[in-house]
Amino acid sequence: MDGLYSKSYFLMLVILTGLVSGLGAILLYTLIDLANTFFLENLGNLYLPSAYGEVKIFSFELPLPSVPYFILPAVGGLISGLIVYSFAPEAEGHGTDAVIRAFHREKGIIRPRVPIVKAIATAFTIGSGGSAGREGPVAQIGAGFGSAIAQVLNLTDRERRLLLVSGIAGGIGGIFRSPLGGALFAVEVLYRRDTETEGLIYAFISSIISYLVLTAYLFQFHHEMPGSIFRTPDVRITGFGDVILFAITGVACAVVAVVYVKTFYFVHDTFKKFRIKNWLKPTIGGLITGIIAIAAPQTLGMGYGFVQLALDNKLALEVILLIIVGKILATSFTVASGGSGGVFAPSIVIGSMVGALIGHLAGVLFPGHSVVPSAFVIVGMGAFISAVAKTPITSIIMVLEMSGGYQLLPAIMTASAISYILSGDVSIYREQVETRADSPAHRRELVKDILEGLTVRDAMTKAEEVITVSPNNSLEDVLYLIQKTGHLGFPVTEDGRLVGIITLSDITRIPDEKRSELKVEDVMNRSVISVTPDENLENALKILIKNDIGRLPVVEEGRLVGIITRSDIMKAHARELARLGI
């Protein structure tokens, strides 16, 4: 009953995390739309296209003087930098790495103030034209809420991490209107070659709840709101030749992904070397972003509107190339300089443009080919995310949910697998580890699992090798053994049965003049803490630690059969690791 109650209680916390993550997604969505309306549309007089399924919440005109739009990203960077570095420096950058680091290395702890700081700072960054996305911030917001709930209720490290994963799923599933993709992202993004399978069911629950919360909110502003963000024309695979072209798209995405990641971290590492105030760095990054936008205004903001234009086959080849190069540079300077914003949305834009480029080239080289360019746009999105984020399953599912292009599932699978393999270990998320075995969060669990599989009998020093004393020995005999062996205590046996234990501290409590008169049986401790040979090493280690002792007698039916020490346990664990090849 207790176990059932515990599971039900934790499930309620997961549901609560999904609800709060959905509210956090609403907050971020609303603030970004408000900031975009104020900065770009009112001050900059710049109206960027939007995706078919993006809902406009604010629409107003203020009597404000016009400001060159290319100045605005610097203004947003300045405000964002001041907010972040004044209240929560860990909220700088794209946010996903901070969440991954919290999971692996910080026991799932995120300061409660981070979600609010992240939401406000991100709104200024993106709303002013910074080239960034909502995924990293909303992941940090959702994870922060999950972590805060766990901290308030004093949950265990494991439970805190699971709520953190649930928060990631809730944030992503809601903001992208991709409940399955959000759940998969939460368990995939933590590793390059593994998944956090333990959190998958909780991620599903949190993600769908957050999705329902956000869509219910957006429905108030657009009663015919489509289920997906992008509107996709009828696309399908028509023959084996299509698969070859989609495979080429995967190769192209892998190449561009490597360029994107290396450019991003070159800018990131360069800005880290600048000896100026941290809050000034996003200002400089925003200024450079603005300069890029003079030549390519399409790079400002999230860029979903241009993905929609590519899907509608309304972008010229030169514009596609301009967006690929410009978006890589603008995102690097916006986010890698310390600006608050995600890198997932820019990845969607860049990947879609790589796909659009291959689609245009295929149309030129094979004029009679039946595959429409829109198909390549969708495949490019999935393949690029797979390479950049090392989330191959997420990339497939999320792109299908965002676009509705389910007929292209085999094509996206093909291209994503190729780009994932060819891009190697390159990832936009530096804090990812290879597998669960490489995660500090799971090393203790790994040790625990191994120790629970080994018994005391496997590690103990057997009785025939143990030095014991008799109850009739003198204290001088024991002191001689201590000097000779260096051991600080000995089991006391009589006819092979354990009757007590005597230690140096027991003897030193006796005045010197009385020691010659007393025997071991007069001083020994008869209440002996012991273990049986069939107990597992995890329990034995817990007993040693709890009682702050170095060795435990091993007793079977009252007879001493061995001694187990912390060193014995460590050696047994090391042998088992070597045997398993870990």
Side-chain angles (χ1 to χ4, degrees), residues 22 25-26 28-29 32-33 48-57 133-135 138 169-186 204 207-237 301-315 342 344-353 355-356 359 372-386 389 391 393-413 415-416:
I26 288 173
L28 181 64
Y29 193 107
I32 291 175
D33 190 70
L48 297 172
S50 61
Y52 176 69
E54 286 284 283
V55 177
K56 183 71 175 168
I57 297 175
R134 297 178 296 212
E135 127 279 338
V138 82
I172 296 292
I175 207 79
F176 283 103
R177 274 175 268 164
S178 174
L180 180 55
L184 293 173
F185 179 86
F204 282 153
S207 183
I208 189 63
I209 290 173
S210 176
Y211 167 80
L212 293 173
V213 169
L214 183 67
T215 50
Y217 170 74
L218 295 179
F219 189 74
Q220 305 303 311
F221 302 95
H222 196 306
H223 294 299
E224 296 180 359
M225 183 188 67
S228 58
I229 292 177
F230 301 112
R231 177 187 59 202
T232 303
D234 184 34
V235 289
R236 60 185 69 251
I237 300 174
M302 289 190 299
Y304 282 174
F306 294 100
V307 177
Q308 185 64 67
L309 291 176
L311 285 168
D312 295 336
N313 199 22
K314 293 181 179 179
L315 290 181
F344 198 89
S347 298
I348 289 174
V349 177
I350 297 168
S352 69
M353 295 303 147
V372 296
S374 302
F376 292 94
V377 174
I378 296 172
V379 172
M381 277 193 274
F384 195 79
I385 295 168
S386 178
T391 54
I393 302 174
T394 296
S395 67
I396 295 167
I397 300 301
M398 187 172 286
V399 166
L400 291 177
E401 287 184 305
M402 292 176 69
S403 67
Y406 295 96
Q407 302 93 327
L408 292 174
L409 176 59
I412 300 176
M413 291 175 65
S416 294

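For the single chain, residues carry numbers from 1 onward in sequence order. Values reported hereafter were calculated over all heavy atoms of this structure, with side chains retained and with hydrogens, waters and symmetry mates removed. The structure displayed is predicted, hence computed values, not measured ones.
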Q: Using modelled atom types only, decide if a donor and an acceptor are shared between the side chain of Gln308 and the backbone of Arg231 within a distance under 3.5 Å.
A: yes
Q. Between the main-chain N or O of Ile412 and the side-chain N or O of Ser416, is there a donor-acceptor pair closer than 3.5 Å?
A. yes
**Q.** Distance in Å, Ile229 CD1 paired with Ile175 CD1, rounded so as to fall on 0.5 Å steps
**A.** 8.5 Å
Q. Hey, does Ile385 have a side-chain heavy atom less than 4.5 Å from the side chain of Met398?
A. no
Q: With sequence neighbours excluded, tell me which residues meet salt bridge (charged side-chain N to carboxylate O under 4.0 Å, His left out) with Lys314.
A: none
Q: Taking all heavy atoms of Ser210 and all of Gly22, pick out the closest pair and write down the distance.
A: OG-CA, 3.2 Å
Q: To the nearest 0.5 Å, tell me how far Leu400 CG sits from Ile378 CD1.
A: 8.0 Å
Q: Calculate, to the nearest 0.5 Å, the distance between atoms OG and CE belonging to Ser386 and Met413 respectively.
A: 11.5 Å
Q: Apply side chain to side chain contact (heavy atoms under 4.5 Å, CB included) to the pair Met353 and Val377, showing each step before the final yes or no.
A: CA-CA 7 Å; Met353 295 303 147; Val377 174; over 6 Å; no
Q) ring pair (Phe, Tyr, Trp, His ring centres under 6.0 Å) with Tyr217: which residues, sequence neighbours excluded? A) Phe221
(Q) Keeping Gln220 on the side-chain end and Ala216 on the backbone end, is there a donor-acceptor pair under 3.5 Å? (A) yes
Q) When you measure from the side chain of Thr394 to the backbone N and O of Leu184, does any donor-acceptor pair fall under 3.5 Å? A) yes
Q) Where do Val138 and Tyr29 land on the side chain to side chain contact (heavy atoms under 4.5 Å, CB included) test, with the steps shown first? A) CA-CA 9 Å; Val138 82; Tyr29 193 107; over 6 Å; no
Q: Look up atom OG in Ser228 and atom CE in Met402, then write down how far apart they are to the nearest 0.5 Å.
A: 9.0 Å
Q) Taking only residues two or more places apart in sequence or in another chain, which ones pass ring pair (Phe, Tyr, Trp, His ring centres under 6.0 Å) with Phe344? A) Phe176, Phe185
Q) Between Leu309 and Pro49, what is the shortest heavy-atom contact and its length? A) CD1-CG, 4.1 Å
Q) Below 4.5 Å, heavy atoms only, C-beta onward: do Val307 and Met381 meet side chain to side chain? A) yes
Q. Closest heavy-atom contact between Val379 and Ala415?
A. CG1-CB, 3.4 Å
Q) For Leu180 and Glu401, what are the C-alpha separation, side-chain angles and deciding distance, and is it a side chain to side chain contact (heavy atoms under 4.5 Å, CB included)? A) CA-CA 8 Å; Leu180 180 55; Glu401 287 184 305; 3.5 Å; yes
**Q.** Least distance between heavy atoms, Ala183 atom then Ala169 atom
**A.** CA-CB, 3.8 Å
Q: Measure across Arg177 and Val55 and return the closest heavy-atom pair with its distance rounded to 0.1 Å.
A: NH2-N, 4.5 Å
(Q) Restricting to non-hydrogen atoms, name the atom on Ser374 and the atom on Asp312 that form the minimum distance, rounded to 0.1 Å. (A) OG-N, 4.5 Å
Q) So, do Ile348 and Tyr304 sit near enough that their side-chain heavy atoms are less than 4.5 Å apart? A) yes
Q) Looking at CG of Leu311 and OG1 of Thr232, how far apart are the two atoms once the value is rounded to the nearest 0.5 Å? A) 5.0 Å
Q. Just by distance, do the side chain of Asp33 and the backbone of Lys56 share a donor-acceptor pair under 3.5 Å?
A. no
Q. Is a donor on one side and an acceptor on the other found under 3.5 Å between the side chain of Ser352 and the backbone of Val349?
A. yes
Q: Please round to the nearest 0.5 Å and tell me the distance separating atom OG of Ser403 and atom CG of Leu408.
A: 7.5 Å
Q. Is a salt bridge present between Arg134 and Glu54, judged by a nitrogen-to-oxygen distance below 4.0 Å?
A. yes
